[in-house]
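Notes follow the structure.
Given the structure is predicted, the values throughout are model-derived calculations rather than measurements. Heavy-atom basis, side chains included; hydrogens, waters and symmetry copies ignored. Below, read A as the first sequence line, B as the second, and so on, with proteins coming before strands; counting in each chain starts at 1.
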There are 2 protein chains.
Amino acid sequence: MHSPELLKGTLQTIVLKVLKDHGKMYGYEITHRVKELSADRILLTEGALYPTLHKLEAEGLLKTEIVNIGKRMRKYYALTAPGKVEAKERVAEFVDFIRTMGNVLNVQMTS
Amino acid sequence: MHSPELLKGTLQTIVLKVLKDHGKMYGYEITHRVKELSADRILLTEGALYPTLHKLEAEGLLKTEIVNIGKRMRKYYALTAPGKVEAKERVAEFVDFIRTMGNVLNVQMTS
DNA sequence: ACCTAATACATAATTGTCTTAGGCATAAGA
DNA sequence: TCTTATGCCTAAGACAATTATGTATTAGGT
C-alpha cells in the first residue's frame with residue numbers, strides 16, 4: 001500500500017481517466033479495477049469514491065444510468081463530452097506535475 | 001502553478017530531499033530553492049513549511065542551528081542520520097507511487 | 001528622510017479531502 | 001446458517017495545506 005498522503009488530490013484524476021479508458025463503469029467496479037491496475041497498491045475507499053462521483057456528476061463531467069440486476073442496482077457512470085476534455089487535461093496536468101517533481105527531487109522518473 | 005491538490009502529501013518529501021541535496025538550509029531559502037527548481041510551479045507557503053520543519057525536527061529527522069546575521073536570525077536545518085535514511089525512503093516511495101499511477105492512468109511517465 | 005519590497009521567523013483560523021465508521025440490502029458459497 | 005461478496009450510500013473526525021495574520025530587520029528607490 002502506498003502512503004495515503006501521496007494519493008491525495010489524485011482521486012478525481014484516477015476516476016476520470018479510468019472511465020475514459022474503460023467506458024461506463026459502476027462504483028464498486030471502479031474500486032476493483034483500480035486495485036487491479038495498481039497491483040493492490042491503491043485501494044479506493046467507498047467513503048471517498050462515492051462523494052467524488054457525485055461531485056463530478058454535479059459538475060457535469062459524468063452522466064449516470066441505473067441498471068437493475070435482479071433486485072440489486074448498479075449505477076453506471078460515464079464521461080460526458082466535457083468530462084472527456086477534463087480527463088485529458090487532468091492527466092496532462094498530472095504528468096506535468098511529475099516532471100516538475102522530478103526536477104525538484106532531482107530524480108529521473110523514467111521507467 | 002500546479003493544482004495545489006496534487007502537491008498535498010509531497011511537502012515532507014520535498015523538504016527532506018532538498019536538504020539532502022543542498023546541505024543545511026533555512027526556511028526562507030528552501031521556499032526560494034524549490035521555486036527555482038520547479039520553474040515557479042511550486043510555491044511553498046510559509047504557513048505550511050514552518051510547521052513541517054518543526055514536525056520533522058520533533059521526529060528527529062532534522063537538526064537546527066541558529067545563526068545571527070546582524071540583528072536578524074537564521075535557523076538552519078540539516079538532516080540527521082535518520083533523516084538521511086528517511087529522505088531516501090521517501091523519494092523511493094514517491095518514485096514507486098508514480099510508477100503505480102502510470103499503470104493506473106495508462107500513461108508513460110518517461111521524460 | 002520616507003516608503004516599499006525583500007528578508008526571516010512564526011502562529012491561528014479556516015478549508016478541503018480523505019479515512020474511519022457506520023448503515024442498508026441482495027446474492028452466493030461453505 | 002453464517003460469512004463473504006456485491007452494491008449503494010452518508011456522517012464524524014483526522015489531517016494537511018491555504019489563507020490571513022503578526023513581528024522585526026535590512027536594502028533600495030525617490
Kindly give the heavy-atom pair with the smallest separation between B:Leu61 and B:Leu16, and that separation in Å. CB-CD2, 4.5 Å

Which atoms form the tightest heavy-atom contact between A:Asn103 and B:Leu37, and what is the distance? CB-O, 3.6 Å

Would you say B:Tyr28 and B:Val67 are hydrophobically clustered, going by side-chain heavy atoms of ILVMFWY under 4.5 Å? yes

Using whole Å, what does the distance between atom P of nucleotide C:dA8 and atom CD1 of B:Ile66 come to? 14 Å

N/O-N/O pairs, protein side and nucleotides 4-6 of chain C side, under 3.5 Å:
none

Side chains of B:Lys24 and B:Tyr77, heavy atoms from C-beta outward: is any pair under 4.5 Å? no

To the nearest Å, give me how far apart NE2 (A:His32) and C1' (D:dG7) are. 10 Å

Test: B:Lys63 and B:Glu57 ion pair at under 4.0 Å: no

Would you please name every residue forming a side-chain contact (heavy atoms from CB on, under 4.5 Å) with B:Arg74, sequence neighbours left out? B:Tyr26, B:Ile69, B:Tyr76

Figure out the CG/C1' separation between A:Leu6 and D:dC15, and round it to whole Å. 14 Å

Round to a whole Å and report the spacing from NZ of B:Lys35 to P of C:dT7. 10 Å

Interatomic distance where CG belongs to B:Leu11 and C1' belongs to C:dT17 [whole Å]: 16 Å

Does anything in residues 43-58 of chain A reach DNA chain C, meaning a heavy atom under 4.0 Å, and if so which residues? A:Thr45, A:Gly47, A:Ala48, A:Lys55

Candidate nucleotides D:dT6, D:dT26, C:dA8, ranked by approach to the side chain of B:Lys71 - the nearest: D:dT26

Can you find a pair of side-chain heavy atoms, one from B:Lys55 and one from B:Glu59, that are under 4.5 Å apart? yes

Heavy-atom distance under 4.5 Å between the side chains of A:Lys17 and A:Arg90, does that happen here? no

Rounded to the nearest angstrom, tell me the gap between atom CE in B:Met73 and atom P in D:dA24. 13 Å

Where A:Thr10 and B:Leu6 come nearest, the two heavy atoms and their spacing: CG2-CD2, 4.0 Å

By the 4.0 Å heavy-atom rule, please label A:Ile69 as base, sugar-phosphate, or nothing. nothing

Between C:dT7 atom P and B:Tyr76 atom OH, what is the distance in whole Å? 14 Å

What is the distance from CD1 of A:Ile42 to C1' of C:dT19, rounded to the nearest Å? 16 Å

Can you see if the side chain of B:Lys8 gets near the phosphate of C:dC18 - specifically, an N or O under 4.0 Å from OP1 or OP2? no

